[in-house]
Amino acid sequence: MTIRPVAETRHVVEIGGWLHATWWAAEGWTLPATRAFLRAAAGPAAPISFVAEEAGRPLGTATLDTEDLAGRPDLAPWLASVLVAPAARRRGIGTRLVGHVEAVAAALGHRRLYLHTMDRSAFYAARGWQALGTELWLGRPTVLMAKDLPGATHPAG
Ligand SMILES: CC(C)(COP(=O)(O)OP(=O)(O)OC[C@H]1O[C@@H](n2cnc3c(N)ncnc32)[C@H](O)[C@@H]1OP(=O)(O)O)[C@@H](O)C(=O)NCCC(=O)NCCS
């Protein structure tokens, strides 16, 4: 399995469809705008959207984003849009994608990464993330979490 920017692959249309159907449409993005974001999110700085692929097939995606929660524009960058194809789950791909985004963020000099999740806080807590509190995403409660990256000089909290 390899992890690369989606923009460098043939998977922009498919990953765009996944993200649009899962979260982005609810946030008001059109499908063409979602795909345009993925084509542009090629790095080297955030936003960068990644795809995990195996034998030419996309298995999952994650994004190092500059914003992900309308109510917290003060926080950045974000680990966002982590999604693994249902048939590929529980093989460690989600963990690899999360670790990849953490490593890229650290290599770019970021000292702290944020995410929010409505129902996967245990998954992230088991991978070193700390819950900071509850925020709202489209009017629904979501857990804000943070992780200090290698080189950080202050503890999460
Ligand atoms: C959350 C999500 C990204 C996890 O992806 P994944 O590829 O299944 O993640 P992993 O395989 O790394 O880990 C999932 C679990 O499988 C376990 N696992 C990993 N490899 C395994 C293996 N070979 N055999 C059995 N279990 C395994 C992990 O220990 C983990 O258990 P835990 O949740 O109790 O910690 C995926 O379930 C998903 O896309 N969900 C829907 C979207 C979503 O909720 N995204 C997150 C929003 S913030």
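Whatever order the structure lists them in is the order used to number ligands and atoms, beginning at 1. It should be emphasised that the depicted structure is a prediction, and the values quoted were computed from it without experimental measurement.
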Check [X] against [Y] and note the closest heavy-atom contact, atom names and distance.
X      : Y      : answer
Thr63  : Ser49  : OG1-OG, 2.8 Å
Val143 : Ala131 : CG1-CB, 3.9 Å
Thr9   : Arg4   : CG2-NH2, 3.5 Å
Pro58  : Glu14  : CG-OE1, 3.5 Å

Exercise for the section: Can you label the angle between the Tyr114 ring and the Trp78 ring as parallel, tilted or perpendicular, going by 30° and 60°? Expected result: tilted

Exercise for the section: Please work out which of the three classes, parallel, tilted or perpendicular, describes the rings of Trp29 and Phe37, given edges at 30° and 60°. Expected result: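 Phe37 vs Trp29 ring planes: perpendicular.
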
Can you figure out which of [options] has its heavy atom closest to [atom]?
atom                    : options              : answer
atom 31 (O) of ligand 1 : Arg90, Arg91, Arg89  : Arg90
atom 12 (O) of ligand 1 : Thr61, Thr95, Thr22  : Thr95
atom 19 (C) of ligand 1 : Gly92, Ala125, Ala80 : Gly92
atom 43 (C) of ligand 1 : Leu97, Thr142, Val82 : Val82

Practice task
Provide the number and element of each atom of ligand 1 under 4.0 Å from a heavy atom of Thr117.
Solution key: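 Here the atoms of ligand 1 in question are 48 (S).
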
Measure the distance from [atom] to every protein heavy atom, then report the residue, atom name and distance (to 0.1 Å) of the closest one.
atom                    : answer
atom 6 (P) of ligand 1  : Gly94 N, 3.6 Å
atom 39 (O) of ligand 1 : Val84 N, 2.8 Å
atom 14 (C) of ligand 1 : Phe123 CE1, 3.9 Å

Handout entry: atom 2 (C) of ligand 1 within contact range, any protein heavy atom under 4.0 Å
Key = no

Exercise for the section: Answer yes or no for atom 34 (O) of ligand 1: protein heavy atom present at a distance under 4.0 Å? Expected result: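 There is no protein heavy atom less than 4.0 Å from atom 34 (O) of ligand 1.
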
Practice task
Examine the side chains of His20 and Thr34 and answer whether a donor and an acceptor come within less than 3.5 Å of each other.
Solution key: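 Looking only at side-chain atoms, Thr34 and His20 do not form any donor-acceptor pair under 3.5 Å.
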
Problem - Expected output: side-chain Lys147 to main-chain Arg127 donor-acceptor under 3.5 Å - result: yes

Problem - Check: Val84 main-chain N/O paired with Arg89 side-chain donor or acceptor under 3.5 Å - result: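 Checked: pair present.
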
Return a yes/no value for [X]: is any of its N or O atoms, backbone included, closer than 3.5 angstrom to an N or O of ligand 1?
X      : answer
Leu83  : no
Ala88  : no
Ala126 : no

Exercise for the section: Might you work through the salt bridge (charged side-chain N to carboxylate O under 4.0 Å, His left out) test for Arg10 and Glu53, ending with a clear yes or no? Expected result: CA-CA 11 Å; Arg10 298 176 290 108; Glu53 60 180 346; 5.8 Å; no

Exercise for the section: Using non-hydrogen atoms of the residue, decide whether Arg127 is closer than 4.0 angstrom to ligand 1. Expected result: yes

Practice task
Could you tell me whether ligand 1 has any atom less than 4.0 Å away from a heavy atom of Trp23?
Solution key: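 Trp23: in contact with ligand 1 (<4.0 Å).
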
